[in-house]
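A short write-up of the structure that comes next.
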Amino acid sequence: MIVVMKSTSSDADVQHVLSFLQNHGLSGHLSQGVERTVIGVLGAVGPSGAPGSLGGINPSIGEALEGLPNVEDVVRVSKPYKLASREFHPEDTIVEVPSACVEGGIVRIGGKEVVMMAGPCTVETEKQLMTTAAAVRKEGAVILRGGAFKPSTSPYGFRGLGEEGLKLLAKARDEFGMAIITEVMTPSDVAMVCEYADILQIGTRNMQNYMLLDEVGRTRKPVVIKRGMSATFEEWLLAAEYILSQGNRNVILCERGIRTFEKATRNTMDISAFPLLKRLSHLPVLSDPSQGTGRRDIVGPLSLASVAAGADALLVEVHPNPDEALKDGAQSITIPQFRELMPQLHAVAGAIGRSVI
Ligand code: E4P
Ligand code: PEP
């Protein structure tokens, strides 16, 4: 349920609605847009502080809300996800990330500029990380990616340097001014990863790890939530809803390819995700063409296609020597390939009235 306030409503009117909801055991989520103020109504708050069921809101509550001062309308949200829906928040959400390498010190994801995030799949050594960071920064990337906690299909595969890797990422931030995005895999690591990261990444394998989603939702850090490898848009948006419903509004969706019968690529990049998610949701949408293809030779074309289709940002794996990478070398592009890609991205973005930073 969404309460739409009249354009003439005051802060006191909004507060009145919020207090009414609280008194009825409901939680109110405020969204103050340029055009209008709306309050999303979620079910009763459970003992752990998590929002309760959405189904149990008594219709008479809706009628009572309609009678409160300066309430314009009370609308039922047709989708199972509420706070993630366009109905709740008609304007695009812009997630702000502190990044010292840009003018003003803030990168905005979800606005007119397409944001480039690049770096190694995995932090391997200081030299590998610094070489990559220097190169991608030189070409214009403003956010540095690098995994310190790595999911691995095989328990014998490389699983990352852990906190040591996070320290190296923080060192790269100090040196190049880029913000850091890195994966967090378990609720108990969230506080520690927050000390180093500017953006928390939830990987495809953890899209439905609800305890982890709750925990990152309790922070106020920007969170990238990757699409589960077999997830529908609805399941993915409901996963985002977990984070939003804990009060963290800084959520970015990441299309990274889905499992299909096709074997020529590691995953099948779902380009329809960009325009469709923009219709369903107000959240920014990021593209990961590296995981999406698994093939260095087509990361460039899929990056261009993602921007043309409406992606707000790109997450590209770059390695100084991909053939020797400890993880995902086949999908990591070389530094010269990255150098070649950037002007092409500028051209495609320019053609649709956007620019790349
Ligand atoms: C991401 O970088 C993951 O850690 C990686 O793609 C996992 O690959 P694997 O499934 O081959 O271990
Ligand atoms: C990654 O980007 O490091 C990663 C593990 O990706 P995904 O979760 O999409 O496989």
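Numbers here simply count residues along the sequence, with the first being 1. Since the model is a prediction, treat every value here as computed from it, not as a measurement. Whatever order the structure lists them in is the order used to number ligands and atoms, beginning at 1.
Closest heavy-atom contact between L237 and S281: CD2-CB, 3.8 Å.
Comment: D92 does not engage R108 in a salt bridge, judged by the lack of any side-chain N to carboxylate O separation of less than 4.0 angstrom.
Sorted by first and then second residue, the salt bridge (Lys or Arg N to Asp or Glu O under 4.0 Å) pairs with a member in residues 142-166 read R145-E317; sequence neighbours excluded. The stretch residues 12-21 participates, sequence neighbours left out, in no salt bridge (Lys or Arg N to Asp or Glu O under 4.0 Å) pair at all.
Between H16 and F20, a ring centre-to-centre spacing not shorter than 6.0 Å is recorded.
For ligand 2, the atoms closer than 4.0 angstrom to any heavy atom of R205 are 10 (O). Residue K226 has at least one heavy-atom neighbour below 4.0 Å for each of these atoms of ligand 2: 1 (C), 2 (O), 4 (C), 6 (O), 7 (P), 8 (O), 9 (O). Distances below 4.0 Å separate heavy atoms of G203 from the following atoms of ligand 2: 8 (O). Residue Q201 approaches ligand 2 through these ligand atoms, each under 4.0 Å from one of its heavy atoms: 1 (C), 2 (O), 3 (O), 4 (C). Interface atoms of ligand 2 facing K150, defined by a heavy-atom separation under 4.0 Å, are 1 (C), 3 (O). Those atoms of ligand 2 with a heavy atom of R256 less than 4.0 angstrom away are 7 (P), 9 (O), 10 (O).
Considering only non-hydrogen protein atoms, atom 5 (C) of ligand 2 sits nearest to E183 OE1, 3.3 Å.
Rounding to the nearest 0.5 angstrom, the gap separating the CG atom in N267 from the CG atom in D288 is 9.5 Å.
Contacts of P151 with ligand 2, taken as heavy-atom pairs under 4.0 Å, involve the side chain alone. Neither the backbone nor the side chain of M229 has a heavy atom within less than 4.0 Å of ligand 2.
The closest side-chain heavy-atom distance from V348 to L345 is not below 4.5 Å. Residues T268 and R259 are not in side-chain contact: their nearest non-hydrogen atoms beyond the backbone lie 4.5 Å or more apart.
Remark: the backbone N or O of K278 is paired with a side-chain donor or acceptor of R86 at under 3.5 angstrom.
Every residue two or more places apart in sequence or in another chain was checked for a ring pair (Phe, Tyr, Trp, His ring centres under 6.0 Å) with H346, and none qualifies.
Near ligand 1, residues C121, K150, P151, S152, T153, R205, R266, Q291, K327, D328 come within 4.0 angstrom through at least one heavy atom.
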